[in-house]
S.K.: 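The structure under discussion is supplied below as structure tokens; questions concerning it will follow.
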Amino acid sequence: MVGSPILFVAVPLLAAFLIPLFGFIWKELVRIVPGIVLLYLLILSVSLYIQVLQDGTIVEQIGGWAPPWGINLVFSPFTGLLTTLMLFLAFIIWLYSYRFKNVDFEPSKKYFILLLMLVTGSIGIVLTGDIFNQFVFIEIMSISGYALTAFYTGRDSAEASFKYLIMGSLSSMFLLLAIILIYSQLGTLNMADIASKAHLMKPEFRVLALVFFIVGMGIEAEIFPLNGWAPDAYSQAPGPIGAAFSGIVVKAGIYSIIRVTFTLFDVEGTMQFLVLMGMITLVVAEMAAIKQDKIKRMLAYSSIGQMGLVLVAFGIGTEEGVFAALFLMVNHALVKPLLFLSASYLVFNSTEKSIRELNGLGKYLPLTSFLFALGAIAIVGMPPLSGFWAKWSMLTAAANSNMILIIGLVLLVSVVEIVYYFRVVNRIYFFKKEEDVEPKKPTINAMVSMIVLGILIVTIGFYPDLITSYLHEASESLLDKGKYIQDVLSAGQSIIQ
Amino acid sequence: MDQISFDISIVEYGFFASAILVILVGLYGALVKKSLIKIVIGLSILESGVNLLLITIGYIQGGTAPVFSPQLLKDMPLTLENIKALGNEMVDPVPQALVLTAIVIGFGVTAVALSLVIRLYRHHHTLVIDEIKNLKW
Amino acid sequence: MKEVLEIIGALFVLLGGIFLFLGGLGIVRMPDAYNRIQAGTKATTLGGMSLILGVGLMETSWLIKAVVIIIFIAFSNPISSHALARANYKRKNFPYLKNTKGVDAYKDAYLNENKEEQS
Amino acid sequence: METKTLYKKLTSVFLNWLFLFIVWNAFTSSFQAQEVITGLIISFLLALFTSRFFDCCSLRVLHPVSLFYSIVYVFVFLIALIRSNFDMAKRVLSPSLPINPGIVKFKSKLQSDFAKMMLANSITLTPGTLSVDLIEDTLYVHWIDVKTDDPEKVHAEIAQQFENILLKIFAE
Amino acid sequence: MKKILVLLLLAVFGIYLADVLFSLEFGKQFFTDGVKDFYLTKGPLDLKVSNTITAIIVNFRGFDTLGEVTVLFLATTAMGGILYKKRHKVGARSVLFPSSQIVMAGSKILFPAIILLGIYVFVHGHLTPGGGFQGGTIIATGFLLMLLAYQDYTVSHKVLTIVESLAGITFVVIGLMGLIKGSTFLENFMPVGTLNNLFSGGLIPIIYIVVGFKVGAELTGLIYTALHEKD
Amino acid sequence: MIQIIIYVTFGFMVLGIIFSAWRIMKGPTAADRILALDTLTTISVSGMVLLAYVFNRFIYLDVALIYGVLGFIGVLVIARYLEGAL
Amino acid sequence: MNSIVLIFGVFLGGAILTYLAHKLSNILSSAFFVLTIFTATVLFYLKVETGDVFSFSLNGLHLEWGITSFSWIFSLIVLGLGTMAAVYSISFMKGKERLGYYYFNFILGIFSMMGILLSRDLVSFFIFWEIMTWSSYMIVVYEGRSVQKIGIKYILFSAMGAYAMLMAIVIIYSQMQSVMIEDLIYSFSSFSISYQIWLPILLLTGFGVKAAMMPLHVWAPGAYSHAPMAYTSVFSGALSKMGVYGMVLVFSTLISQLPEHTIIREVVAWLGGITAVMGTLWAITQDDAKKLLAYSSVAQLGYIITGVAIGTELAMLSAIFLSVLHALFKGTLFMVVGAIEKQTGTTNLTEVTGLIRKMPWTFIAALMSIIALAGIPPLGGFVGKWMLYESLIGSDHYILVILIFFASTAGFLYCYKFLFGFFLGQEEKEWDHVKEAPASMVVPMLILSFFSFLLGTFPGLILKPIDQGMQSLGYVPTEGHFWGMSVLFNEWGNAVVLQPILYAIMAVFLFFLVFLTLKGLKGTRYVTTKDISSSGEVPGEFENLSYKQNFFQPFLRAVEPVMKRQIDKYYTGIGNGIEAFFNYVRRVYSGNGQTYAIYVIIFLVILLLFKNNLFG
Ligand code: NA
Ligand code: NA
């Protein structure tokens, strides 16, 4: 036993409560401790993950009560993969954030607490096996998100945060309504228990609960008409937080919607619905992205589009589809943060943060620019970077399910994507610098974090087999609903007997 | 003074209906009112409605609070049967526990919302939501 | 003894109910905020006290806690009424003066206070 | 620390403790040893913490005379309250609403804030009067049926009975 | 126009929701083997907690509560972050507009009583319909009373921070001790005592006391921040 | 007999609540509304105590007390706000 | 180590080294640059033989690299032209910014083209194809802001083409769970009929973009003319041939399996023909040499596409032969333009004039290439075109012959314009200072033009390997092996005896050459444009009377109706429409948080209303 999944929540919480006290001792600890915590959790996650791949899913019962009575955490090949990915990114983002901007002590203390909690919330969403507990974690994540969006004291960040908050409140309302409907029918909140009893629900309750879940989690997962908050929040939050949103937070949103559709309910038509919504999200987001003149906003729309693509891949519903979706998620989780992080330095000193201001920066910030360009090539799915394999998996999965039209549409949209990313790259490298805004050189820690992401993107591009076996394990784990129920509920059954 | 039974059958659906009504009123406020404060109030009302519904779901006809207080136990021995019998007279404790969590969370969100309103007012000198849209398209 | 206490308690309860009703009636009927406060406070305070005392008498083991609530009501109600009355005055809702001599001894103090604030 | 302030402090801690302990027992209403002991400890800790606000009274209030007058006060107050209610009921229920409102003022002889507050509260709950504000030692009272605006007469009319007893209780 | 649209939408939503909910019989339980029966028997029998809600909140679903506490903690942090201003002076409220002397005098005596009430509520969380959140809220209300009555009343930010941090740490550490002493996080490792005694329920009262302190400190902080916002 | 008295009392209280509610809606000044709310609080506290008796649950008295405290401080907050001091 | 991996390693390592070396010194970087390409070339021809296979597995796919005798022919183009262009680049790029960047992408370009040729599976093929696309894009946009639109147009079309190709590959993979090209050829006939039609079309779309086939060519003139000339020679000479390479594969291995393949063939052949005509016409109207050559490339590729599409042995042979030749002469010509640009600073045909004595070697290279391009014997163009005509006639495409012949004839016009514009005509003081380009630029040009001369004269040298390559695609060996000897001394085809005509044409040509040379040696006098007296009219002061100006006015007036149909405009129209639509759509993000909240409820209500349709 290397450790227990509960530590993924307990340790950051402990750290978050400790950080204010540390601030009284030595202010630098406020910055350092989160990094140590994240690093520790990353190591723990990797070792647990290895263990899980060998010995099977770990189900942690909290308070000593077996599911369905107690809350449980499920560390499976699927959730473990996501957790590891999130922690890796969180650590990278921490590394980058360390001295990203020299804000006062008070805000920076809050920044690191909130960042830690943003990550913890996301991980909690992924790990928990209890539907109400997931709601709690969603709230932890959201509140951290609201606060971090409004972190900069400028005018527009509060606006973005307020929109996020309105949508987030609606989201929690719908989630609660769904939970109410389920509870009224089944008297249980445990996901595995719900999954095993879902057939006992009256059909109209089940469908209504599903609809509420889709609306509620669709807001977090940025499905099309529900994602109005996302571009604002992504673009107004500090750069590393934009990276965290696109790399970590939205992944948790997608996870929750997937868990509901794949495990909780077995409602006919859900998969086609995911494809439909994913497609609409993808198309609209890319349409909006192409005309943006703010760099982070463009990245935000692109992020939304990618999430649409992920949903489409999940909606294919086959093992290949899930595999592709996970591949897309991993790729996006590596590339989009890289784009956000590098873009943040490219527009560091400007107030407008417009694409125009990237003109000619290739000369002044060569490595940062290169990493941005690398990210751009990877995100549009051009070989030989990681994005290509993700897209390839997605397209072949679609082809194997005879979704030819989907392939065509996805590729058509990809063309749009290429156009706007290459426009930006063009500006960075081939335009003359106009403004007098002095570009800021990234700090060493920021550089290291970006380079690590860059290396991973290239490595996976050249050698995708590095991760594919894990993705396969994960997708099998997600699809095997019976095993999930068995894993979670077996302990409780033995108690009854 | 032992038995005073209150017949609630006349309001059979009244609780559901009023919870739904509160939800709708809150939503209406959040979706239509122009003032940021009123929107936040709308969201709070909405939240109350959902909480109300949650509580309503857990109600069991004639049930009392799920607290095994001394007055209730009187001199009963603590056996499984006794407890079960008492428990059957009680409302479902789970929604009550959930609602407490939901309320606390809702409170936290409202606090954040109000501080955002203050920030917005500081910058825009208005509370009209239609005038606060610098971020668009 | 127990039955007697129950009966007495029930009467207190009834009396309390009536005064609570009167308090409601008072705030409907009285012509301005100050008078409504007067009516509301007095009636509901007494009503609440009486009702709770009644319950305490009916169930004697509850008496101590009932008294706590009674004391709290007796202590807090006048304070909140006073605070409301004062706030209402500060919002320039002066006492109902139609058909009266227009006695308002507070006005001078209020004006002085305002002057201080401005300086 | 000066002896006097220390004495004052100890007094307020002690009184606070006593007060809180009584309140605690009233809250729990069970006189189990666990509860009582817990109550002693909690009220002591809390008394330490909040004693700097608890300056309502000196040890004098524990003197039998004070306690006796306190009881007297309760009865006087209750009678006044009941009278006031019937007075109010009469006014409320009579169709013509026989009122003649206004704000009058008078000076109180009471010294401590707490005593003044008690007076003001009592006045609020007695027939036809409502304390609007207390500035220094002048009390402004909304009177539903103003009979006089001479402070002396006002004092005699609406405050005298309480003030006398309060003076005895707080020994001022 | 927008109003009509919204009304129409809400009508549809309401009708669907009502349609489904009205198919439930009010006051009847639909499911047969929900988790509540387990709680209603294990709570008093195994945990010796008479308030089953408390048993659920602190023990069966104690993890939610940890999250809940975190949410509040985050809300205070968030509020502080959102309203942060560079030259922020604590205690900048004007003393020009004092509260009434009556309220001042009253709150002096009410304040300790209200705090005591709060403590009573969270200490008896396992016996009465109270608990850490309720008690904490009442305590914060006490501080609110003082802040209302005394314009220059200040609450030490540092003390609040220390209280809420320590309380949070205690909560997590208690949980982790469960992991070490028992086998799982938040598992009870203390004797449970007798039902309806003050000292019963194992860890539950301890956790609820911790929660009470934490919530009290956090809400007080929130109120304090909000009242001092005006510039 | 006692049951009837309690029913009657509830009847009175409901009337009181209706009157208060009417005043809350009618106003006209903010103080009127808050006053009515305050009245409502007192009536509710009393009602809770009475319900505690009806359901024979001592623990409900705590609820009533706390409700009273919160209502009182709520009124003070609003009063202070109306004064313009917040 | 496998030789293929080794070569790829050399390319990649060299690219990175070159880039890094650039940080130290330009000379070192240039050295690495040339060395990399040379080493790779040498290694390739020494070590790699047909049948060498490197196979590996990636992401669950079986992938294979190896050369076939068919792709070997194209490797000649890539490496031959690549090497020359690399050498040429050194001087050409001297003093320019971002050399490391240029070299890096240049090497990646060559590398990716070799990768395409070495890929025996579709995924590798696609990966290299994409690397080729973005590396060439990087160079197209080298000039900066002014070429933003051109770059975007290029990447847009390339991406659409590539994704059409990717779609096909994905479908193929789903059909046979393999991406090997040979598996595809083997199991293509078992695909459903709609796939049998659509897959080739998708693939052809992809290849058609790179081969600048109408109507997918619109990116080409801009991209060709705005990249640095050193690269354009590779771009137009080799990179576009990758499209041809792919088309050959598709036509010879897939479409030939279709029972009803004639329609696709006809359509593409006609597109090729039209491309040839239009390209020629557009080329004629250009006053800028780069543009002129760019359009000319489009036209030439048109011939080649026609040949590929017709797909008879002779047609295919001619198409591939023309591909090789086109690489040689068009590569040279772009280098010539580059040299002139380098020396004079402009490539405008109406400005530069009379360079024949100042840049004689450049002139010779240009002349040889022009002649080859125009199809005058004995240089290659003639052989190729003649074979094409014959194959068209042989397959009864009479109208196409007329088209191609028209294009070919009209092609003389721009050839003349090019040659005359730059080199002949009056010398002007303005260009007095112009000197011959440095040797490292001249030599590659001369080498290339020498080869176009050699292959034109001895087509057998290349036709034989081409023939072998075609056999690997399933063509039977060409009848009688009569390509084994030089065109000069052999009878031409079975039907026509060519020698008399040939000799006649050659006599004219020789005379022309001698005349020009003599004239060049004698020297010309300096005149100004005002010296011209024209039919009694007194020209106005600002009238440019240089006859290069509006040279083909009457001709153009005649073909004006055709020219008006500018495909570009349609694309622009479509583009604007799409953009406007996108702009309209994104207004759903109105910026009002409340509106977003209403969207949520609308979405909810839609789901509720249609829940029975959506969720069973
Ligand atoms: Na009152
Ligand atoms: Na009150």
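None of these values were measured; they are calculated from a predicted model. Below, read A as the first sequence line, B as the second, and so on, with proteins coming before strands; counting in each chain starts at 1.
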S.K.: What distance do B/Leu135 atom CG and G/Ser590 atom OG have between them, rounded to the nearest 0.5 Å?
M.R.: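 Going from the CG atom of B/Leu135 to the OG atom of G/Ser590 covers 11.5 Å.
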
S.K.: Kindly check if the number of other-residue, nucleotide or ligand heavy atoms within 6.0 Å of NZ (B/Lys33) is above 12?
M.R.: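 For B/Lys33, atom NZ is not crowded (no more than 12 foreign heavy atoms under 6.0 Å).
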
S.K.: With a 4.5 angstrom heavy-atom cut-off, could you sort out which part of B/Ile132 is near chain G: side chain, backbone, both or neither?
M.R.: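 It is the backbone, since no side chain atom gets that close.
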
S.K.: What heavy-atom pair brings G/Ala597 and B/Leu31 nearest, and what distance separates the two atoms?
M.R.: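 The pair with the smallest heavy-atom distance is CB-CD2, 3.4 Å.
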
S.K.: Quick one: CG on G/Asn592 to CD1 on B/Ile129, what's the gap to the nearest 0.5 Å?
M.R.: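 Atom-to-atom, G/Asn592:CG and B/Ile129:CD1 are 5.0 Å apart.
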
S.K.: Go through B/Val32, B/Asn134, B/Leu27, B/Ile39 and name the one with the most non-hydrogen pairs under 4.5 angstrom from chain G.
M.R.: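 Most heavy-atom pairs within the cutoff with chain G belong to B/Val32.
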
S.K.: From B/Lys133 NZ over to G/Thr595 OG1, what is the distance, rounded to the nearest 0.5 angstrom?
M.R.: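 The NZ atom of B/Lys133 sits 6.5 Å away from the OG1 atom of G/Thr595.
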
S.K.: Is the closest side-chain heavy-atom distance between B/Lys34 and G/Gln594 below 4.5 Å?
M.R.: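 They are in contact (side-chain heavy atoms under 4.5 Å apart), so the answer is yes.
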
S.K.: Counting only heavy atoms not in B/Tyr121, do more than 12 sit closer than 6.0 Å to its OH atom?
M.R.: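 Open.
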
